[in-house]
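Below you'll find the structure, written out as structure tokens, and then a few comments.
Numbers here are sequence positions counted from 1.
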Amino acid sequence: MIKVLHFFKTYYPETMGGIEQVIFQIAEGGTKHGFESEVLYLSKRGAARNEPVGHHLTHRSKLDLHIASTGFSLSAFKDFAELAKKADIVHYHFPWPYMDLVHFATRIRKPAVVSYHSDIVKQKTLLKLYQPLMNGFLSSVDCIVASSPNYAESSPVLTRFKDKVRVVPYGLDRQTYPTPSAEKLDFWRARLGERFFLFVGALRYYKGLDYLLDAAKATQLPVVILGGGHLEMELKAQANQLGLSNVHFLGGLPDEDKAALLKLCYAFVFPSHLRSESFGISLLEGAMYGKPMISCEIGSGTTYINIAGETGLVVPPRDSVALALWNQPAVAASMGEAAARRFEEVFSADSMAKSYAEIYRSLL
């Protein structure tokens, strides 16, 4: 068994984002393909070793401070060095500038893979300062993995490291999602009605949700927003100001509720308008549940999941009247079927784990 150590700033059960989901699916799918994964991450709860998540082990280092979305930890230098020594492969998850420092400071001479989850889009001034470290880090690793050919071709960073970039699409395993009970489905049907557009995700600046609210105002169609985040109060205030009784903010909910909403929704809407959205795990969940999708063309993996005119609609970013599938139920249904087929062909967790296993073996 190849031993792999994943290193990222956060992980389950602390946070439940897209990158955490990707690491989880790689770790859970590995045994079948000849590797086992452990995960080291930072936590406000302090340090701990050998905590099981699913069928793999996780380790925590104490999170000491946060600056510009970057977690720092003094103890993680030692923790990483100890755990990396026992691993055959170190698997980093980018971007996280502190990780680059740990990589150089600990001088671990193990084959290194980087999953490149996103360009740095927002912190332009900090990026200028960070660039030399970033370039040094990416130059020093053995393989950089992009999640879609779209992103690999359009990222100014990845095009510089073309010779070491591989593409492995993110994958999900339907078996790791709960089956909602009849009672749960009835509860949400009664509360939200038979048809609604669903958004799932963290309420962040690049998700384009203010444009989705404008669209809901223009069309008066029902929109359900599942997720919490920094912009929650601001978006609720905007919805009040626009007088939107057709928009439901549900906050964060357990997985069974999410599965119920994915099963019930009419279409999945994903208005992310900036390249910070490199892929869109929740968009992929919409495809897995056989839903037609509405997303924006931003040159990222969202348009690798959602093929314009086939699995859904692809609209220009910041387009406020883009909920156009409502009165075309036959078209919506056939797009949903195409989305489910494409998910099975391209985005299974098993094919993602298999591709990573091939990369790991090639480096040993």
Would you indicate whether [X], at its atom [atom1], is surrounded by more than 12 heavy atoms from other residues, nucleotides or ligands within a distance under 6.0 Å?
X    : atom1 : result
Q241 : CD    : no
M233 : CE    : no
K354 : NZ    : no
K164 : NZ    : yes
H66  : NE2   : yes

Does the separation of the ring centres of [X] and [Y] fall below 6.0 angstrom?
X   : Y    : value
F94 : H117 : no
F7  : F80  : yes
F72 : F77  : no

Mind listing the side-chain donor-acceptor pairs of residues 139-146 below 3.5 Å, one per line with the distance, residues two or more places apart or on another chain?
residue : atom : partner : partner atom : Å
S139    : OG   : N135    : O            : 2.7
S140    : OG   : H103    : NE2          : 2.8
S140    : OG   : F137    : O            : 2.8
D142    : OD2  : A112    : N            : 2.7

Shared ILVMFWY cluster between [X] and [Y], side chains joined below 4.5 angstrom?
X    : Y    : answer
L253 : L203 : yes
W326 : L264 : yes
M293 : V331 : yes

Note to self: If you define the side chain from C-beta out and look only at heavy atoms, does anything of E297 sit under 4.5 Å from P316?
What the structure shows: no
Would you say the side-chain atoms of [X] pair up with the backbone N or O of [Y], donor to acceptor, closer than 3.5 Å?
X    : Y    : answer
S282 : V200 : yes
K291 : C265 : yes
Y177 : E285 : no
E51  : A48  : no
S154 : G299 : yes

Distance alone, cut at 3.5 Å: any donor-acceptor contact between the side chains of [X] and [Y]?
X    : Y    : value
S155 : D119 : yes
T15  : E20  : yes
E234 : Q238 : no
D100 : Y130 : yes
S75  : S61  : no

Can you tell whether the side chains of [X] and [Y] come within less than 4.0 Å, N to carboxylate O?
X    : Y    : result
D64  : K62  : yes
E38  : R49  : no
K86  : E82  : no
R189 : D186 : yes
D350 : K32  : yes

What side-chain donor-acceptor pairs closer than 3.5 Å can you find for residues 337-346, not counting sequence neighbours?
residue : atom : partner : partner atom : Å
R342    : NE   : Y304    : O            : 3.0
R342    : NH2  : Y304    : O            : 2.7

Next item on the list: Could you list who else is in Y11's hydrophobic cluster, with ILVMFWY side chains joined at under 4.5 Å, directly or through other members?
Entry: F8, Y12, M16, I19, I23, F24, V39, Y41, V53
Margin query: Which label fits H93 and H91: parallel for a plane angle under 30°, tilted from 30 to 60°, or perpendicular past 60°?
Written below: parallel
Check: Of K3, H56, H6, which meets side-chain hydrogen bond (donor to acceptor under 3.5 Å, both in side chains) against S37?
Finding: H6
Check: If you measure from CG on D319 to CG on L313, what distance do you get to the nearest 0.5 Å?
Finding: 10.0 Å
Margin query: Using 0.5 Å steps for rounding, measure from the CD1 atom of I281 to the CD atom of Q21.
Written below: 6.5 Å
Check: Quick one: does NZ or CZ of R361 land under 6.0 Å from the six-membered ring centre of Y356, within 45 degrees of the ring axis?
Finding: no
